[in-house]
Peer 1: 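I'd like to ask some things about the structure below.
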Number of protein chains: 2
Amino acid sequence: MSLDPIKPSRGRPKTLDRDHVLDVAMDSYWKEDIGSLSLNEICRRSGVSKPGLYREFSNEDGLMKAVLIRYQELVLSPVQQMLNSDVPFREALDNLISFAASVSCHDESPNGCLFIKMRESRTHLGEATRAQVDFLEEQGLVTFQKWVERSRAKGEFSAEMSSEFAATYIDAQLSNASSQIARGEDPQMVQKILVAALSILK
Amino acid sequence: MSLDPIKPSRGRPKTLDRDHVLDVAMDSYWKEDIGSLSLNEICRRSGVSKPGLYREFSNEDGLMKAVLIRYQELVLSPVQQMLNSDVPFREALDNLISFAASVSCHDESPNGCLFIKMRESRTHLGEATRAQVDFLEEQGLVTFQKWVERSRAKGEFSAEMSSEFAATYIDAQLSNASSQIARGEDPQMVQKILVAALSILK
DNA sequence: GCCTTATTGTACCGACTGGTATTTAATTAG
DNA sequence: CTAATTAAATACCAGTCGGTACAATAAGGC
């Protein structure tokens, strides 16, 4: 294409650091209640003026969608790749469990999976973000289902249930684990519950 | 005692219908996002002026605590009584499952268990309500644990796990089911997941 | 007829929300 | 140099929030 994203280099140079804002916003949404975190607060924290933020992301919905996409690239994608690889089923399951029982943005207070938090806060999301959540949810279910099907073909999964149900079940349990982590429950207990619940996949 | 709750019968007669307000508030908190439902809105819906509501419940915290207590009496208590009775374990478990997979305030949109919703919205609660949630949570865990212990003594529960863990596990799965119902997922699927997850208790 | 007591609703408070109009600053094109 | 272009931040908008001062009202006691 002829439209290069190179400097058009005209007018006052941009000082707004998009990635910095996204980092701050992701951290904030991650460790706090999504519905209670205001744009004003994100502006304060990222040191950006409100009109600046609106110029970059259009509105709150645009910012949250951008944050979610960033989260997908940063956190979800590696997990999906692991599930798409040929790691043995039990090993992949163990990885999945320890991932779910430990997700946090940094070393601080536990907060669960941001995607799942957003899914739970569905009513607080704008149109675009909600659509992105739906897309990621579907993508996740497909990933689980294909993983189960491949594992079954390899003889590593023999539970008597449809692959579709298995995918839904895994999603439900991971979702539950994330909620518990976010609620502040002991990660070890969360993991123990997860192990028990997923033990029916054998 | 000498303090009868009979009409002190002095001053302007009260017209505020406490129970009506509580009903409206319970319904509202039940089927909508707790953190997004304002006192103003509850006043509008119940036809009560704001100072009237404050006189009756002190503040938002007081109202929510009163609502939670009402919910406990109305919904939770019967379930607890069932678990404290000598109903066979499998039957009680089935009751618990169909209860969890169907809780709604009326025939309308599903909304899960209000207590669990409040527990998930912990950050939006005032001090008194939060304390009440903690109390009910502890009470629930104790009920589950004693139920498991009695069932084990009757030879109806033989899974190899501590009664304490079993109680935590049941709580986690019911909580998950409630969240799914509230999120609008198909009750039949929720029930199926619940049955699968609780199948490890045998 | 008052006075006291208790409940009522209007009208307000300061703080905050998502979003924007507007002015000012910094750069390039000519 | 000026004009055009782009981005900056201040200061504002209407609306909502939880909470309250306050004057009007309705009853009993005397």
Side-chain angles (χ1 to χ4, degrees), chain A residues 3-22 24-25 28-29 32-67 118 121 123-130, chain B residues 3-22 24-25 28-29 32-67 118 121 123-130:
Chain A
L3 267 210
D4 279 342
I6 328 177
K7 270 196 178 184
S9 197
R10 185 77 180 276
R12 181 170 176 170
K14 171 180 283 189
T15 62
L16 184 147
D17 185 345
R18 191 177 209 270
D19 284 344
H20 172 65
V21 175
L22 280 179
V24 170
S28 301
Y29 284 131
E32 283 157 58
D33 181 72
I34 292 178
S36 308
L37 189 64
S38 69
L39 270 190
N40 289 318
E41 186 59 29
I42 290 176
C43 288
R44 258 168 252 140
R45 293 182 188 179
S46 58
V48 167
S49 74
K50 214 170 357 170
L53 202 145
Y54 275 87
R55 217 178 313 110
E56 188 67 30
F57 301 101
S58 303
N59 52 31
E60 196 174 24
D61 194 16
L63 173 65
M64 288 184 65
K65 177 176 176 179
V67 164
M118 283 193 174
S121 312
T123 53
H124 297 287
L125 308 181
E127 249 186 302
T129 312
R130 202 155 49 224
Chain B
L3 266 211
D4 280 340
I6 327 176
K7 271 196 179 182
S9 194
R10 186 78 183 275
R12 183 170 176 170
K14 170 179 283 190
T15 63
L16 184 146
D17 185 345
R18 191 179 210 268
D19 284 345
H20 171 64
V21 175
L22 280 180
V24 170
S28 302
Y29 285 131
E32 284 158 56
D33 181 71
I34 293 179
S36 308
L37 188 65
S38 68
L39 270 189
N40 288 319
E41 186 59 29
I42 291 175
C43 288
R44 260 168 251 141
R45 294 182 188 179
S46 58
V48 168
S49 73
K50 210 163 12 164
L53 202 145
Y54 275 86
R55 215 178 313 109
E56 188 66 30
F57 301 101
S58 303
N59 50 32
E60 198 174 25
D61 194 16
L63 172 64
M64 291 185 64
K65 177 176 176 179
V67 165
M118 283 194 173
S121 312
T123 52
H124 298 286
L125 309 180
E127 249 187 303
T129 312
R130 202 155 46 222

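Because the structure is a prediction, the values reported are computed rather than measured. Residue numbers begin at 1 in each chain, while the letters A, B, ... track the order of the sequences.
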Peer 1: Side-chain donor-acceptor contacts of residues 47-55 of chain B below 3.5 Å, not counting sequence neighbours, with atom names and distances?
Peer 2:
residue, atom, partner, partner atom, Å
Ser49(B), OG, Gly52(B), N, 3.3
Lys50(B), NZ, Asn40(B), OD1, 2.9

Peer 1: Asp33(A) CG to dC16(C) P: how many Å, rounded?
Peer 2: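 From Asp33(A) CG to dC16(C) P: 17 Å.
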Peer 1: Side chains of Glu56(B) and Val21(B): does their closest heavy-atom pair fall under 4.5 Å?
Peer 2: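 Glu56(B) vs Val21(B): side chains apart.
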Peer 1: Assign a letter to each nucleotide of nucleotides 12-21 of chain D from its 5' end: B, base within under 4.0 Å of a protein heavy atom; S, sugar-phosphate only; -, no contact.
Peer 2: -----BBBBB
Peer 1: OG/Ser36(B) to NE2/His124(B) distance, rounded to the nearest 0.5 angstrom?
Peer 2: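 That separation rounds to 7.0 Å.
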Peer 1: Can you tell me which nucleotide in dA26(C), dT7(C), dA8(D) comes closest to the side chain of Lys14(B)?
Peer 2: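 Of all the options, the side chain of Lys14(B) is nearest to dT7(C).
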Peer 1: Taking the minimum atom-to-atom distance to the side chain of Leu16(B), which one of dT8(C), dA8(D), dT5(C) wins?
Peer 2: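 Nucleotide nearest to Leu16(B)'s side chain: dT8(C).
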Peer 1: Taking the axis from the first five pairs and the axis from the last five, what angle separates them in the helix from dG1(C)-dC30(D) to dG30(C)-dC1(D), rounded to 10 degrees?
Peer 2: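 For the helix from dG1(C)-dC30(D) to dG30(C)-dC1(D), the axes at opposite ends meet at about 30°.
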Peer 1: Considering only dA7(D), dT5(C), dT28(C), which nucleotide approaches the side chain of Arg10(A) most closely?
Peer 2: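 Among dA7(D), dT5(C), dT28(C), the one nearest the side chain of Arg10(A) is dT28(C).
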Peer 1: Are side-chain heavy atoms of Met118(B) and Met64(B) found at a separation under 4.5 Å?
Peer 2: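 The answer is yes; the side chains approach within 4.5 Å.
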Peer 1: Could you tell me if the side chain of Asp33(A) sits less than 4.5 Å from the side chain of Leu37(A), heavy atoms only?
Peer 2: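 The answer is no; the side chains never approach within 4.5 Å.
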Peer 1: Let me confirm one number: the CG-CZ distance from Leu16(B) to Phe57(B), rounded to the nearest 0.5 Å.
Peer 2: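 It comes to 7.0 Å.
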Peer 1: With side chains defined as the heavy atoms from C-beta onward, is the minimum distance between Glu41(A) and Ser28(A) less than 4.5 Å?
Peer 2: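 No. Closest side-chain heavy atoms not under 4.5 Å.
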Peer 1: What is the distance, rounded to the nearest whole Å, between atom CD of Glu56(A) and atom C1' of dT6(D)?
Peer 2: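 Answer to the nearest Å: 13 Å.
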Peer 1: For the pair Asp61(B) (side chain) and Leu125(B) (backbone), establish whether a donor and an acceptor sit closer than 3.5 Å, ignoring hydrogens and angles.
Peer 2: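 Flag not set: sc Asp61(B) to bb Leu125(B) has no pair under 3.5 Å.
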Peer 1: Does the side chain of Ser49(B) get closer than 4.0 angstrom to OP1 or OP2 of dT10(C) through an N or O atom?
Peer 2: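 No.
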Peer 1: How close do Thr129(A) and Lys65(A) get, counting heavy atoms only, and between which atoms?
Peer 2: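 The answer is OG1-N, 3.3 Å.
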Peer 1: CZ of Arg55(A) versus C1' of dT22(C): gap in Å, rounded?
Peer 2: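 Distance, rounded to whole Å: 13 Å.
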Peer 1: I need the CZ-P distance between Arg12(A) and dT6(D), as an integer number of Å.
Peer 2: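 Arg12(A) atom CZ is separated from dT6(D) atom P by 14 Å.
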